[in-house]
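Reading through the C-alpha cells given below for one structure.
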Amino acid sequence: MAEVEYRGVSRRFGEIQALHDLDLLVADGEFLILVGPSGCGKSTALRLLAGLDKPTSGEILIAGQPVTRLGPGERDIAMVFQNYALYPHMSVFANLAYGLRQRRTPRAEIQRRVRETAVLLDIDGLLDRKPGQLSGGQRQRVAMGRAMVRRPQAFLLDEPLSNLDAKLRTQVRGDLKRLHLELPVTSIYVTHDQVEAMTLGDRICVMSNGEVQQLGTTDDIYNRPANTFVAGFMGSPPMNLVAGEVRGGVVRVAGAALADFSSPDAPVTVGFRPEDLRIVGPLETDSVPVRIDVCEPLGSHVLVHALVDGSGAESSPTKVIAQAPPGTTYDPGARVGLTVAPGKTFVFDAETGRAAPPPTRERIATA
Amino acid sequence: MSTATSSVEPGSATRGWRLPFSPWHLVLVPLTFVLVVPMLWMVATSLQTQGEANRFPPVLLPHDPRIANYADAWHTAPFGTFFLNSTLVALVVVASNLVVCSLTGYAFARVRFLGRKALFMALMATLMVPFQVTMIPVFLIVKWFGDNVSPYLGINHLGALMLPNLATAFGIFFLRQFFQTVPVELEEAARVDGSSRLGVLFKIVLPLSMPAMSTLAALTILTSWNDFLWPLIVITSTDQMTVPLGLSYFQGAHQTNWPLLMAGNVMSLVPMLVVFLLAQRYFVQSVAGTGLKG
C-alpha cells in the first residue's frame with residue numbers, strides 16, 4: 001500500500017497530446033476513478049503508471065519514490081486488463097502463481113497465498129482449469145486474483161467490468177466495493193461508465209482531451225460540476241444544458257426566470273438535471289416553454305424528451321430531458337412548461353463553460 | 001409431424017438435381033491424381049527389376065515385387081553414413097533456426113528500436129534473391145570460414161552445409177508474423193507480473209507459438225533434408241555426403257539403375273513422412289486466443 005503521485009506528467013503520440021500536464025495525488029488506500037470518454041487520456045495515465053509506456057515529460061512517484069525510469073515489473077503494482085489477459089496455456093493456479101514465481105517466492109508461500117486468494121474470490125474450485133474453460137465472470141475473478149495475490153503497492157484496473165453482461169456487472173461492482181473495504185489497497189480504476197465511477201470511487205477524476213476537468217467525490221461531481229463538460233458527462237441521463245442569460249440579477253431561459261443570480265448581465269449556459277424538473281401547464285409563470293418530442297417509459301419513471309421553444313436556431317432547437325412520474329404520457333408536439341426545483345439551477349459561463357463564481361453556489365447550497 | 005414432412009418435400013423438389021459431392025471435387029480429384037501418380041510410380045519402380053523399369057510402355061505393377069532392391073541399394077552405397085549426415089545437418093539447422101529466428105522475429109515484432117523497419121525491409125528483400133545468385137559469394141564465405149575459423153566449417157565438411165542455413169529470412173518473417181498475433185496484453189500482463197523481455201518470450205510467447213514453431217521446424221527439416229544443389233557444390237568426399245547427394249550414386253553417366261535409385265528415394269522419404277505426421281497436430285490448432293474474453 002502506498003500513495004501514488006503524478007507530477008506534471010505529459011504524454012504525446014506524434015501530433016496528439018494524449019495527456020497534458022497531469023498533477024494527481026492518490027492517497028494511500030484510496031479508490032480513485034479515472035473517468036471520461038474514449039480518447040480522454042485515462043488509459044494513457046494508467047499505462048504510464050504501470051510502466052507500459054513512458055511519459056514525454058513529468059515524474060511518477062509510488063510511495064514517494066520516483067518510478068518513471070523503472071520497468072513495469074520493478075514498480076510493485078498489479079494490473080487488471082480489460083480483456084483479462086489470462087495466460088491461456090496455464091492453469092488458473094499457474095496464472096495466479098506466475099507473478100509470485102517471477103519474484104522467487106518460496107513454494108509453500110505461493111501455495112498458501114494462491115489458495116487464500118482463491119477462497120476469497122470463490123475460485124478455489126477452478127484452480128486446475130485453463131482460462132478457456134471459464135465463464136466471463138470467472139475469468140474476471142481470476143484476473144482480479146492474479147493482481148491481489150501479489151499484495152502490490154497499488155492496483156490498476158483498466159475497465160475490468162466492460163466485458164461482463166449488465167447483470168453480472170452490477171454484481172461484480174458490489175463485490176469490488178466490498179473487496180476494497182476489506183483490503184484497502186490504493187486502487188486506480190479506469191472506466192467510461194459513470195455509474196461505476198460514481199458508485200465505486202472514493203474520489204472521481206473526470207478527464208477530457210488529456211486534461212483533468214474535475215477531481216472530487218461523487219457528491220462534488222454531481223452536485224457541484226466544475227464545468228459544462230462534467231455536467232454533461234456525469235448523470236444518467238446527464239444534466240440538461242441550455243443557452244440562457246443573466247439579466248437584472250435573474251437567470252432566464254427562453255424568457256422564464258429560473259433563479260436569482262447576482263452578477264453582471266451576460267449570456268450564460270444554464271444547467272438543470274432531469275430529476276429536478278417538473279412538467280407544468282404551458283402558461284404557468286416562470287416555466288420554460290417546450291414542445292414534447294417523445295416519452296420513454298422506464299417503469300419507475302418516464303423520461304420526457306422535449307425541445308425548448310425559441311432556443312437556438314429554429315431548425316435545431318435545444319433538447320432537454322425531464323424525469324416524470326410513471327404513467328406520464330404526452331402526444332408528440334404538445335406544448336408544456338418546465339419548472340426547476342428551487343436551488344437546482346446551475347449557471348455556467350457561456351464561453352468558457354466554467355461554473356459560475358461562488359456566490360451562486362452558496363445560494364444553491366442554502367436554498 | 002405432418003407439417004414438418006410436408007414443408008420439407010416441396011423444398012427438396014424445387015432444388016432439383018444436385019451433385020452427390022462438392023463441385024470442388026471435380027478439380028481436386030484430378031489434381032490429387034497428378035500429385036500421387038509420380039509417388040506411386042516411384043514405389044512401383046523401386047520394386048521392379050532393371051529390365052521391367054526400362055521397358056516401354058512403362059510397367060506400372062511389377063510382375064514379381066523385388067523387395068531385395070532395398071537391401072541392394074543400402075549396400076551399394078554407404079547409406080548409413082548419408083542418413084547420419086543428413087540427420088546431423090537437419091537437427092543442427094532446425095535447432096539453430098528455432099532459436100535464432102524466434103529471438104530475431106520477436107525483436108522485429110515487439111521491440112522498438114532504431115531502424116527496425118528498414119532492417120526488416122532489407123531482410124525481406126533477401127527473400128527475393130534466388131539462391132543461384134548468392135551461391136558463389138556464399139561459397140567464398142564458407143571457404144573463408146574453413147580457411148580462417150575452423151576447417152570443420154569449410155568446403156567438403158558438414159559444417160559447410162549448416163553454416164549458411166543457421167537462420168533464414170523466411171523463418172524470421174514467419175515467426176514475426178505469428179508473434180504479432182499473440183495479444184499484446186498477455187505480454188504486458190507478464191511484464192507487470194515481473195517478467196523480463198526474454199522471460200515474456202520464453203514463458204508466454206513461445207508456448208503460445210507452438211503451432212508456428214513446429215511448422216517452421218517441419219519446413220526447415222524438409223528443406224534441409226531435400227537440399228541438393230548446395231551439397232553438390234561444397235561436398236565431394238563420400239563420407240560427408242547427404243542422402244540426396246548420395247542418391248546420385250545410382251545415376252551414372254551412361255546408365256542409371258532406376259530400381260535402386262527409386263528404392264533409395266523411398267527410403268529417404270520415410271523420415272520426412274514421420275516428421276510430417278508428428279508435426280501435423282500442431283499445424284491444425286492454435287490456442288493463443290483462449291485466455292481473453294469469449
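Numbers restart at 1 for each chain; the letters A, B, ... are given by sequence-line order, proteins then strands.
Of all heavy-atom pairs between A:Pro88 and B:Leu186, the closest is CD-CD1, 3.8 Å. Contact detail for B:Val192 and A:Arg103: the closest heavy-atom pair is O-NH2, 3.9 Å. Smallest separation of non-hydrogen atoms from B:Arg191 and A:Gly51: NH2-O, 4.5 Å. Taking all atoms of both residues into account, the shortest heavy-atom contact from B:Pro207 to A:His89 is CB-CD2, 3.4 Å.
Using a 4.5 Å cut-off between heavy atoms, A:Leu52 touches chain B through its side chain atoms alone. Looking at A:Arg75, there are no atoms closer than 4.5 Å to chain B (heavy atoms on both sides), in backbone or side chain.
From B:Glu188, atom CD reaches atom CE of A:Met79 across 7.0 Å, with rounding to the nearest 0.5 Å. Rounding to the nearest 0.5 Å gives a distance of 8.5 Å between CG of B:Asp193 and CG of A:Asn95.
The neighbour count for B:Met124 CE, taken as heavy atoms of other residues, nucleotides or ligands under 6.0 Å away, is above 12. The neighbour count for A:Asp128 CG, taken as heavy atoms of other residues, nucleotides or ligands under 6.0 Å away, does not exceed 12. By the 6.0 Å contact criterion, CG on B:Leu277 is enclosed, its count of non-hydrogen atoms from other residues, nucleotides or ligands being greater than 12. Under a cut-off of 6.0 angstrom, the local environment of CZ in B:Phe33 is sparse, with at most 12 non-hydrogen atoms contributed by other residues, nucleotides or ligands. In this structure, B:Phe131 places its CZ atom where more than 12 heavy-atom neighbours from other residues, nucleotides or ligands lie under 6.0 Å away.
Of the possible donor and acceptor atoms, none in the side chain of A:Tyr87 sits under 3.5 Å from a partner among the backbone N and O of B:Lys203.
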